[in-house]
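Okay, structure first, notes after.
Note on naming: letters A, B, ... go to the chains in the order of the sequence lines (proteins, then strands), and numbering restarts at 1 for each one. None of the values given here were measured: they were computed from a predicted structure.
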Amino acid sequence: EAGVTQFPSHSVIEKGQTVTLRCDPISGHDNLYWYRRVMGKEIKFLLHFVKESKQDESGMPNNRFLAERTGGTYSTLKVQPAELEDSGVYFCASSRGLAETQYFGPGTRLLVL
Amino acid sequence: DQQVKQNSPSLSVQEGRISILNCDYTNSMFDYFLWYKKYPAEGPTFLISISSIKDKNEDGRFTVFLNKSAKHLSLHIVPSQPGDSAVYFCAASAGTYKYIFGTGTRLKVLA
């Protein structure tokens, strides 16, 4: 069974530009989560999808961040316009059921210059 | 305010010895706790979990202990192996899908 995959693995952009991160969850996992780790700190929850519906986006930093999961399969997280403080590692995770263990992807390392 | 704390940023242990990683939490509503292991340039990998109705869970070389009165959990690795060298994250949830993570402890197992 393939794990959670994320693309790109790294992204370096300038302040003000737009970046879109993609996550492909494990097949059959209805629940998809986005997390972020900034500057070696804790991994913080951003939002949660059940299929194509956003269930909780309480962790999204501000309205420069937009997440979508059209069709309930892969998800994208767009940052527009990017700011310096958006730099960090963005992780995606998925789980089959709501109370089941979340499995993480390798992350996308975003650097905003 | 950090609800899950890992106060030791790093730990070095000799191969074959026991590694003990600690985690403290402040939210008494947390009812599910997990440990993830993370290698460089990879995502966190699930290691072991424990429900608040238990005080111990064991899986091979890995054991997690939960002390609810002290709001403390620990991960024991016995015996430690060089391949265990990684960053270990403690995480907790309060009846939801939202995991609250600690800042991680970097374990180095010396051969």
Side-chain angles (χ1 to χ4, degrees), chain A residues 1-10 21 23-26 29-51 53-60 88-111, chain B residues 1-10 21-27 29-54 57 59 62 64 73 86-107:
Chain A
E1 181 183 75
V4 177
T5 57
Q6 292 186 245
F7 182 83
S9 59
H10 295 78
L21 315 180
C23 167
D24 286 78
I26 294 171
H29 282 199
D30 287 340
N31 294 272
L32 187 149
Y33 315 82
W34 283 97
Y35 289 83
R36 179 174 74 170
R37 187 182 189 207
V38 174
M39 290 286 289
K41 295 188 177 178
E42 70 268 31
I43 301 168
K44 280 194 172 179
F45 170 85
L46 296 179
L47 86 157
H48 167 230
F49 284 97
V50 175
K51 297 185 180 178
S53 299
K54 286 179 196 172
Q55 294 297 298
D56 181 352
E57 49 184 332
S58 61
M60 295 285 262
V89 184
Y90 290 77
F91 292 107
C92 175
S94 71
S95 68
R96 188 176 302 277
L98 194 60
E100 297 185 40
T101 301
Q102 297 174 25
Y103 295 91
F104 282 73
T108 292
R109 282 142 191 83
L110 174 65
L111 179 59
Chain B
D1 181 37
Q2 225 173 320
Q3 298 183 67
V4 177
K5 297 178 184 178
Q6 293 178 257
N7 293 316
S8 298
S10 64
L21 296 100
N22 294 303
C23 179
D24 296 294
Y25 61 95
T26 58
N27 189 343
M29 298 300 291
F30 285 148
D31 59 2
Y32 188 60
F33 303 88
L34 311 93
W35 284 94
Y36 281 83
K37 178 171 74 173
K38 185 183 175 308
Y39 292 118
E42 293 184 12
T45 302
F46 170 72
L47 198 55
I48 192 169
S49 63
I50 188 167
S51 162
S52 61
I53 61 173
K54 293 186 172 183
N57 189 25
D59 184 2
F62 303 91
V64 55
L73 69 157
V87 177
Y88 289 78
F89 289 95
C90 168
S93 71
T96 73
Y97 45 80
K98 194 183 298 185
Y99 289 177
I100 308 298
F101 283 86
T103 51
T105 295
R106 183 178 303 277
L107 173 66

Option that, when pairs with chain B are counted at under 4.5 Å, heavy atom only, ranks first among [options]:
options	value
A:D56, A:V89, A:L98	A:D56
A:Q6, A:Q55, A:R109, A:K41	A:R109
A:F91, A:F104, A:Y33	A:F104
A:P106, A:G107, A:G59	A:P106

Roughly how far, to the nearest 0.5 Å, is CD of A:Q102 from OG of B:S93?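 CD of A:Q102 is found 8.0 Å from OG of B:S93.
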Nearest 0.5 Å please: distance from the OG1 atom of B:T103 over to the CZ atom of A:R37.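 If I round to the nearest 0.5 Å, the distance is 8.0 Å.
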Identify the heavy atoms of B:K98 and A:S58 that sit nearest to each other, and give their distance.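 Nearest heavy atoms, B:K98 then A:S58: NZ-OG, 2.9 Å.
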Which pair of heavy atoms, one from B:P44 and one from A:G105, lies closest together, and at what distance?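 So the minimum-distance heavy-atom pair works out to CD-O, 4.3 Å.
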Can you classify the ring geometry of A:F45 versus B:Y97 as parallel (below 30°), tilted (30 to 60°) or perpendicular (above 60°)?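 Answer is tilted, since the angle falls between 30° and 60°.
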Does the plane of the ring in A:Y103 sit parallel, tilted or perpendicular to the ring in B:F46? Use 30° and 60° as the thresholds.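 Aromatic pair A:Y103/B:F46 classed perpendicular.
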Assess whether atom CZ of A:F7 is packed by more than 12 heavy atoms of other residues, nucleotides or ligands within 6.0 Å.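 Open: at most 12 neighbouring heavy atoms sit under 6.0 Å from CZ of A:F7.
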Flag if over 12 foreign heavy atoms under 6.0 Å of NZ, A:K51: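 Result for NZ/A:K51: open.
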What do you reckon, are the aromatic ring centroids of B:F101 and A:Y35 less than 6.0 Å apart?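 They qualify: ring centres under 6.0 Å apart.
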Under the side chain to side chain contact (heavy atoms under 4.5 Å, CB included) test, which residues partner B:E42, sequence neighbours left out?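 B:E42: side chain to side chain contact (heavy atoms under 4.5 Å, CB included) contacts with B:Y39.
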Does any heavy atom of chain A fall under 4.5 Å from the side chain of B:F89, the backbone, both, or neither of them?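 Side chain of B:F89 only, per the 4.5 Å heavy-atom cut-off to chain A.
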Interchain contact, B:Q2 with chain A, by part (heavy-atom threshold 4.5 Å):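 It is the side chain, since no backbone atom gets that close.
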